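Quick notes on the structure that follows.
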Amino acid sequence: MKKSRFATVCHWLPDLLLVAFAAFLVVFAAQFIANQNFWLDEYYSIHLVELDWAEIPDFTAGDVHPPLYYYILKVFVTLFGNAHAVYRIASFAAYLLTVGMALVLFRPAFGRLATFFFLCLMGPNAASLHYFTEVRMYGWALYFVLLCGFSGYKLVEGSAHWRRWWITLTLTGLIAGYLHYYALLAVGLIYLSLLIYSIAKRPALLRNWGIAVGLSVVCYLPWVILTAGRLTKQVSTFWLQEMPALSETLELVVGNRLSSWLVLALLVAACLLYLFWPRGEQPARRWLVATGLLVAVGLPAAGYAASILLRPMYLPRYFFPAAGFLWLAMAVAASALLHHLPRLAEICGGVLLAALVLFAMAEPAQKSLREMRECNEVITQAIAYVEDRYQPGDRIYSSVSLVDQRVLDFLFPQQNTAAGNDPAAALPEENGSLFLIYAEEDPTGDWAAVLEQAGYQMDGWQGALLDNTWCRIYHYVPEAQ
């Protein structure tokens, strides 16, 4: 009986430790839900969910993003309210689903070691901590691209539940396309890889592949029709002025430390080695690794090509939807190669590689958490500075272009606010005080002249971080006060 209990403990202990590690990652990442430093694109998302459901598609058709994420965000706001944390929880839900997918799907498919490596690469990654709590679509896009790629793996593997996985492949690919255009490109590369494999190895897959592609095209066609007339304008007026350095994209994979580049080199080498050695490896896993590299190379290559031929239209964050599939490919390749070593060497190699990955991730993650807390303190102080002094008849006016009316309505929903660059329009009602949001310098020129002529004197100022922009909040009171 004692031996049986000991055997049971030994059997379940690795899985319990894996779940405990995943829970630790979730608890650590959840701290970033408290981030109060919203920026321009996040305020755009927040503004969009204030629209009616039917208005969202037409509004986003004039932008460079499909509408699905805004529907997801609106569902969360409708159900849980518009507290600041709710906006970030709506994105963090994708982090929880990705961790859950690793435990429920990757663990049985690839084993504990591959799942552990994936969690090490994904969970504490500074890019994950940022994009899985940002009020944007990138975390959700990663989740659905990753699930789409895993569905392709199950089809290549020859799963007995092939209908289920064809449906999953089609739905997740379509959802990813309605989240972000670069996620659509990543899905297209997965489909391309599946087509090449089907032609070369499994012609029987071609029929269902064609059905999946046909259904996806039909279901995506309404959005294409809606945006077709505006696409040229979107491209010609896209705000980006220059192409980013490739290193900025690579930093999303493992960070920007020296140890990060070592990890990246080791894992890419593991992927390349796994594709050609050893012989007799599972074709489905090799397809997954090859497809992960194809997506990781093809997505930024297409972005840079379009930027050269048309105008700059690729940003490093557009790579994030593909990062999850690359992490999985790296984890599968590394664990499979280690599995060919003697048991003790496999364990030691796995521990060393995991330690190196976590070492590369730990300092940037701690730095991100520290910077978030520092920013939160500044933002809290700035808002408290206004709220402690604000009286009926006062006015909050922003002359900082990025701190527009959307930002003011979000931060000061109960106060009288306005934004612009007209000193006369900034003046409050008679005897009211003015809270002027201005650049990091004392007001000069027309601002100083108008305020002086109106009889206002500065009572003090507070440094602020609003819309990710450093500025100052000046408190002006009538001289009679």
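Because the structure is predicted, anything quoted here is derived from the model rather than measured.
- Between Y153 and F150, the two ring planes are tilted [angle within 30° to 60°].
- Y197 contributes no side-chain N or O that, together with a main-chain N or O of R202, makes up a donor-acceptor pair within less than 3.5 Å.
- Y143 contributes atom OH, which lies 7.0 Å from atom OG1 of T98 (distance to the nearest 0.5 angstrom).
- No donor-acceptor pair closer than 3.5 Å links the side chain of N208 to the backbone N or O of W166.
- Distance check, rounded to the nearest 0.5 Å: OH of Y220 to CG of L184 gives 5.0 Å.
- Under the 3.5 Å distance criterion, with hydrogens and angles disregarded, no donor-acceptor pair is assigned to the side chains of S91 and R136.
- L73 CG to I89 CD1: the interatomic distance, rounded to the nearest 0.5 Å, is 11.5 Å.
- In this structure, the side chain of N125 engages the main chain of V253 through a donor-acceptor pair within 3.5 Å.
- In this structure a side-chain-to-backbone donor-acceptor pair under 3.5 Å is missing from T249 to P316.
- Counting only N and O atoms by type, the side chains of S193 and T291 include a donor and acceptor under 3.5 Å apart.
- For the residue pair V332 and L288, the shortest heavy atom distance occurs at CG2-CD2, 4.2 Å.
- R88 contributes a side-chain N or O that, together with a main-chain N or O of T133, makes up a donor-acceptor pair within less than 3.5 Å.
- For the atom pair I33 CD1 and Q31 CD, the distance stands at 10.0 Å (nearest 0.5 Å).
- Listed for the E377 side chain is no donor-acceptor partner under 3.5 Å among the backbone atoms of E374.
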What side-chain donor-acceptor pairs closer than 3.5 Å can you find for residues 258-265, not counting sequence neighbours?
from: S260; atom 1: OG; to: V254; atom 2: O; distance (Å): 3.0
from: S260; atom 1: OG; to: R257; atom 2: N; distance (Å): 3.2

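- With N256 contributing its side chain and E251 its backbone, the two residues share no donor-acceptor pair below 3.5 Å.
- With sequence neighbours excluded, the residues that form a side chain to side chain contact (heavy atoms under 4.5 Å, CB included) with A126 are P364, S368.
- Between A114 and A331, the shortest heavy-atom contact is O-CB, 3.3 Å.
- The ring pair (Phe, Tyr, Trp, His ring centres under 6.0 Å) pairs that include a residue from residues 289-321 are Y131-F320, F132-F320, H180-Y318, Y182-Y314, Y182-Y318, Y304-Y314, where partners are two or more places apart or lie in different chains.
- Here salt bridge (Lys or Arg N to Asp or Glu O under 4.0 Å) pairs that include residues 20-33, with residues two or more places apart or in two chains, number zero.
- Counting heavy atoms from C-beta outward, F76 and I72 have side chains that approach closer than 4.5 Å.
- Between the side chain of Y274 and the main chain of A329, no donor-acceptor pair closer than 3.5 Å is present.
- For the residue pair V145 and I190, the shortest heavy atom distance occurs at O-CD1, 3.8 Å.
- Take E55 and apply the side chain to side chain contact (heavy atoms under 4.5 Å, CB included) test, not counting sequence neighbours, and it matches L51, D52.
- Enclosure of atom NE2 in H84 by more than 12 non-hydrogen atoms of other residues, nucleotides or ligands within 6.0 angstrom is indicated.
- A 4.5 Å side-chain heavy-atom check between L25 and Y95 finds at least one atom pair inside the cut-off.
- Atom CG of D58 is separated from atom OG1 of T227 by 11.5 Å, given to the nearest 0.5 angstrom.
- Side-chain N or O atoms of T115 include one that pairs as donor or acceptor with a backbone N or O of G111 at under 3.5 Å.
- Seen from the ring of F276, R286 does not count as a face-on cation partner, given the 6.0 Å and 45° thresholds.
- Remark: K154 is not positioned above the aromatic ring of W162, lacking an NZ or CZ atom under 6.0 angstrom from the ring centre and at most 45 degrees off the axis.
- Taking a cutoff of 4.0 Å between a charged side-chain nitrogen and a carboxylate oxygen, E242 and R311 do not qualify as a salt bridge.
- Side chains of I175 and L147 form no contact here, defined as non-hydrogen atoms less than 4.5 Å apart.
- Looking at E134 and W39, their side chains do bring a donor and an acceptor atom within 3.5 Å of each other.
- Rounding to the nearest 0.5 Å gives a distance of 4.5 Å between CG of L465 and CG of N37.
- Ring orientation note: the planes of F410 and Y87 are nearly perpendicular, at an angle over 60° on the 30°/60° scale.
- Across all non-hydrogen atoms, the minimal contact from S216 to T170 is OG-CG2, 3.7 Å.
- Nearest heavy-atom pair, A176 versus F144, reported as atom, atom and distance to 0.1 Å: CB-CB, 4.1 Å.
- Between the side chain of T469 and the backbone N or O of D467 there is at least one donor-acceptor pair closer than 3.5 Å.
- The two atoms that bring L267 and A334 nearest to each other are CD2-CB, 4.1 Å, heavy atoms only.
- The salt bridge (Lys or Arg N to Asp or Glu O under 4.0 Å) analysis of residues 342-355, with sequence neighbours excluded, yields the pairs R343-E346.
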